[in-house]
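One structure is given below, encoded as structure tokens.
Order of the sequence lines sets the chain letters (A, B, ...), proteins ahead of strands, with each chain counted from 1.
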2 protein chains.
Amino acid sequence: MSDKSIQILLVDDHAIVREGYRSLLQKQPNISVIADARDAAEAYQNYKTFQPDVVIMDISMPGQSGLEAISRIRQYDGQARILVFSMHQNPSFALQAIRAGALGYITKSSDPALLIHGIYQVYENKLSLSPDVAQALALEKLGQDKARLDDLTVREFEILRLLLEAKNNQQIADILNISPKTVSNSHYIIKRKLEVNSDIELTRLAIRMKLLNLRDLIDEAE
Amino acid sequence: MSDKSIQILLVDDHAIVREGYRSLLQKQPNISVIADARDAAEAYQNYKTFQPDVVIMDISMPGQSGLEAISRIRQYDGQARILVFSMHQNPSFALQAIRAGALGYITKSSDPALLIHGIYQVYENKLSLSPDVAQALALEKLGQDKARLDDLTVREFEILRLLLEAKNNQQIADILNISPKTVSNSHYIIKRKLEVNSDIELTRLAIRMKLLNLRDLIDEAE
DNA sequence: ATGACTAACGGGATATTTGCCCGATGTCCA
DNA sequence: TGGACATCGGGCAAATATCCCGTTAGTCAT
């Protein structure tokens with residue numbers, strides 16, 4: 001390995017970040033950046049052209065996402081070694097990336113040494129995850145959101161829908177012909193079951209669960 | 001200007017991005033990076049210590065935001081020249097940054113040449129905006145909701161950001177070093193200014209306004 | 001049909017938040 | 001230097017949230 005350095009293809013849409021990689025990686029004797037790309041299509045092309053040992057890939061890019069690029073590259077070369085370097089700490093991103101065929105997932109907020117380490121790991125076909133992501137993934141793996149949603153009773157679900165339409169207790173009480181107190185109690189129970197402790201969290205969860213139609217929200221905006 | 005280079009303080013929580021700046025800026029004969037910082041507090045300290053000519057600042061950082069840092073620095077030195085380099089294309093962010101005292105706002109997706117150009121502009125006390133943001137700001141004059149968003153003061157905007165992260169009053173108070181009561185009051189004022197009457201509506205509005213990253217929310221779901 | 005279970009409803013009690021007002025202070029600018 | 005604003009928070013009544021409780025009614029298996 002000392003006679004032949006690891007050939008890297010860099011994929012990131014931010015020039016400043018590509019610059020950062022280059023600068024950082026140049027200091028590594030066994031690593032050399034042989035090409036870069038600023039989007040998914042270019043990444044795929046350059047993978048075929050340069051046949052790098054390891055691809056370092058950002059997954060948040062305009063147009064086709066990095067995930068798509070990972071799939072394409074893996075389809076072309078089942079042995080491709082891809083390390084995702086992302087700003088997202090969200091373990092769902094990591095999970096998706098791994099599913100798409102990445103071997104590593106390191107967050108941009110990690111110490112650069114972790115990136116270097118990840119490159120070597122991936123080069124040797126070993127999985128490499130940022131500690132923060134690994135931990136989050138582990139915690140999350142015990143199926144959560146959906147299961148929790150299923151804990152709601154039908155009535156609670158109904159009340160939740162109305163709450164999400166930004167109706168207040170009295171309005172909901174009128175609609176359902178129950179006391180505002182019951183609405184308030186249900187609101188509380190819903191939050192407890194869904195393990196959130198504010199309406200803001202509740203709304204975010206609802207959007208993730210697609211209870212609140214994102215399209216509607218987007219189209220509302222101008 | 002050729003006999004004395006522009007002294008830069010870099011503020012960004014991502015090491016790789018700081019590396020990118022350094023590498024990029026080192027190629028500029030008239031610019032030298034004399035210090036960096038990874039959060040608001042460190043930025044303030046280092047500003048006082050190093051008295052840089054220009055501060056390059058990311059505004060999305062854990063804990064105290066870049067906006068806070070801008071205010072603090074400007075309070076200490078009314079002549080401070082600050083260039084915000086942000087991933088947010090949303091013109092509201094730019095507006096708030098300018099209000100807080102920044103002289104420039106360049107998006108991270110811009111060509112690096114724009115950053116360099118921005119540095120020179122800001123160094124000469126000239127306003128510098130990314131073309132994309134400038135255009136969006138111009139277009140936005142017609143937006144209904146955005147107009148309302150722009151009614152928020154810098155402080156309110158900052159508190160809104162933290163609220164949207166589902167932080168409670170006490171947490172926000174701790175971060176900003178103010179009383180929970182003030183947070184609560186601001187929360188109320190924000191809702192009144194934005195003409196919503198619940199946190200659920202507030203969150204929906206925030207999503208429409210793209211203050212809350214839609215992509216994150218969508219991708220979070222499985 | 002009866003006991004066990006659970007959903008739905010809502011009262012009570014207390015803690016916390018909300019909604020709105022106020023004044024104090026600081027800053028910036030004409 | 002006076003007025004417009006931003007920031008910070010106290011006060012206080014009304015509303016909600018939180019948690020516990022009991023009642024009613026429907027389901028279901030024995």
Next on the checklist: Test your reading of the model: is there a side-chain donor-acceptor pair from B/R81 to the backbone of B/Y123, 3.5 Å cut-off?
Outcome noted: yes
Checklist outcome for this item: Sorted by chain and residue number, the side chain to side chain contact (heavy atoms under 4.5 Å, CB included) partners of B/E195 (sequence neighbours excluded) come out as B/R148
Checklist entry - What residues form a side-chain hydrogen bond (donor to acceptor under 3.5 Å, both in side chains) with A/S186, not counting sequence neighbours? => result none
Next on the checklist: Looking at B/R204 and B/E201, is there a salt bridge between them, counting it only when a charged N and a carboxylate O are closer than 4.0 Å?
Outcome noted: no
Next on the checklist: Going by salt bridge (Lys or Arg N to Asp or Glu O under 4.0 Å), name the pairs with one or both residues in residues 173-182 of chain B, residues two or more places apart or in two chains.
Outcome noted: none
Checklist entry - Closest nucleotide of DNA chain C for A/I178 versus for B/Q75: which of these residues is on the 5' side? => result A/I178
Next on the checklist: Checking B/T49 now: which residues fulfil side chain to side chain contact (heavy atoms under 4.5 Å, CB included) with it, not counting sequence neighbours?
Outcome noted: none
Write out a two-atom table: protein N or O, nucleotide N or O from nucleotides 14-16 of chain C, distance below 3.5 Å.
none

Checklist entry - Is B/D199 reaching over with its side chain to a backbone N or O of B/L202, donor-acceptor style, under 3.5 angstrom? => result no
Considering only nitrogen or oxygen atoms on both sides, find all protein atoms under 3.5 Å from nucleotides 28-30 of chain C and state each distance.
none

Checklist entry - Which residues satisfy the salt bridge (charged side-chain N to carboxylate O under 4.0 Å, His left out) test with A/E42, sequence neighbours excluded? => result A/R38
Item to check | Pairs involving residues 103-120 of chain B, ordered by first then second residue, that meet salt bridge (Lys or Arg N to Asp or Glu O under 4.0 Å) (sequence neighbours left out) | outcome: B/D12-B/K108, B/D58-B/K108
Next on the checklist: Tell me the bend of the helix from C/dA1-D/dT30 to C/dA30-D/dT1 as the angle between end helix axes, each from five pairs, rounded to the nearest 10 degrees.
Outcome noted: 40°
Which pairs, protein N/O on one side and nucleotides 19-24 of chain C N/O on the other, fall under 3.5 Å?
from: C/dG19; atom 1: OP2; to: B/K191; atom 2: NZ; distance (Å): 3.2
from: C/dG19; atom 1: O6; to: B/K181; atom 2: NZ; distance (Å): 3.1
from: C/dC20; atom 1: OP2; to: B/Y188; atom 2: OH; distance (Å): 2.9
from: C/dC20; atom 1: O5'; to: B/Y188; atom 2: OH; distance (Å): 3.0
from: C/dC20; atom 1: N4; to: B/N185; atom 2: OD1; distance (Å): 3.0

Checklist entry - Reading DNA chain D 5' to 3', which nucleotide is the first, and which the last, to come under 4.0 Å of any heavy atom in chain A? => result D/dA17 to D/dC19
Next on the checklist: Please enumerate all residues that pass side-chain hydrogen bond (donor to acceptor under 3.5 Å, both in side chains) together with A/R22, with sequence neighbours excluded.
Outcome noted: A/D36
Next on the checklist: Heavy atoms only, 4.0 Å cut-off, all strands: where does B/T182 land among base, sugar-phosphate and nothing?
Outcome noted: base
